[in-house]
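Everything on this sheet refers to the single structure shown next.
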Amino acid sequence: QLVESGGGLVQAGGSLRLSCVASGGTFRSYSVGWFRQCPGRERESVAAITRRDVKYYADSVKGRFTISRDNAKNTAYLEMISLSPGDTAVYYCAAADWSSELLLSDTYHTWGRGTQVTVSS
């Protein structure tokens, strides 16, 4: 099970840190991805991190978002800075057994319920 938190309302240019807490599995063995979805649009990949801490980012967030993990806390994070209204979405974390194709949603077997991020202009 994955549970996201840390979403909220922030002004453009602001920052947020999302957390994804895992339970019921071996967190350190999973790759973790963050995705987001806006109403009427498909879910898109944001970032991913392998169990060996290799990181991947969508071009739209490179230099602004940072993914990390703390295996001792069974938690993954998404640090977001310089937020813009275009970042408004529900953000989901997901877990995968593999370390490849991590920007594809089909790679993941477990998903959280999401946390809303709203960026006002």
Could you give the distance from CD (Glu79) to OG (Ser19), rounded to the nearest 0.5 Å? 9.0 Å
Closest approach of Thr26 and Ser29, non-hydrogen atoms and distance? O-OG, 2.7 Å
Please indicate whether Gln1 has more than 12 foreign heavy atoms, meaning atoms of other residues, nucleotides or ligands, lying under 6.0 Å from its CD. no
Minimal non-hydrogen separation, Val61 against Val46, with atom names: CG2-O, 3.4 Å
Find out whether Leu9 and Gln116 are in side-chain contact, i.e. whether some heavy atom of one side chain is under 4.5 Å from a heavy atom of the other. no
How far apart are the C-alpha atoms of Arg113 and Val90, what are their side-chain angles, what is the distance that settles it, and do they pass the side chain to side chain contact (heavy atoms under 4.5 Å, CB included) test? CA-CA 9 Å; Arg113 293 188 175 184; Val90 177; over 6 Å; no
OG on Ser23 to CG on Leu2, rounded to 0.5 Å: 7.5 Å
Are any side-chain N or O atoms of Gln11 and backbone N or O atoms of Ser121, one a donor and one an acceptor, separated by less than 3.5 Å? no
Work out which heavy atom in Gln37 is nearest to a heavy atom in Arg41; give both atom names and the distance. NE2-O, 3.0 Å
Keeping the roles fixed (side chain from Glu101, backbone from Thr107), state whether a donor-acceptor pair exists under 3.5 Å. no
Measure from the side-chain N and O atoms of Thr50 to the backbone N and O of Arg52, and report whether any donor-acceptor pair falls under 3.5 Å. yes
Spell out, as yes or no, whether a donor-acceptor pair under 3.5 Å connects the side chain of Thr115 to the backbone of Ser5. no
Short side-chain to backbone donor-acceptor contact, Lys55 and Ile67, under 3.5 Å: yes
What are the two closest heavy atoms between Trp34 and Cys20, and how far apart are they? CZ2-CB, 3.6 Å
Identify whether Leu16 and Leu78 are in the same connected component of the hydrophobic contact network (ILVMFWY, side-chain heavy atoms under 4.5 Å). yes
Sidechain-backbone polar pair: Thr88 side chain, Val119 backbone, donor-acceptor under 3.5 Å: yes
Using 0.5 Å steps for rounding, measure from the CE atom of Met80 to the OG atom of Ser15. 8.5 Å
Are Phe35 and Trp111, when compared by the centres of their aromatic rings, separated by less than 6.0 Å? yes
Nearest heavy atoms of Asp97 and Tyr30, plus distance in Å: OD1-CE2, 3.4 Å
Start with the C-alpha gap between Val117 and Leu18, add the side-chain angles, then the distance that decides, and say whether side chain to side chain contact (heavy atoms under 4.5 Å, CB included) holds. CA-CA 9 Å; Val117 172; Leu18 306 183; 4.0 Å; yes
Any idea which heavy atoms bring Trp98 and Ser31 closest together, and the distance? O-OG, 2.7 Å
Between Phe27 and Arg69, is there a cation-pi geometry (under 6.0 Å to ring centre, at most 45° from the normal)? yes
Cluster check Tyr77, Tyr92: I/L/V/M/F/W/Y, side chain < 4.5 angstrom: no
Is it the case that one hydrophobic cluster holds both Tyr108 and Val21, taking links as side-chain heavy atoms less than 4.5 Å apart, direct or via other members? no
Reported OG-to-CD distance for the pair Ser105 and Glu42, which is rounded to 0.5 angstrom: 8.5 Å
Backbone N/O of Ala94 and side chain of Thr110: donor-acceptor pair under 3.5 Å: no
Same cluster for Tyr57 and Ile49 if Ile/Leu/Val/Met/Phe/Trp/Tyr side chains link at under 4.5 Å? yes
Going through the distances and angles, do Arg36 and Glu44 end up as a salt bridge (charged side-chain N to carboxylate O under 4.0 Å, His left out)? CA-CA 5 Å; Arg36 65 186 182 186; Glu44 64 173 351; 2.6 Å; yes
So, the side chain of Arg43 versus the backbone of Cys38: is there a donor-acceptor pair under 3.5 Å, distance only? no
From Leu83 CG over to Ser120 OG, what is the distance, rounded to the nearest 0.5 angstrom? 10.5 Å
Euclidean distance, Tyr91 OH relative to Phe65 CZ, rounded to 0.5 Å: 4.0 Å
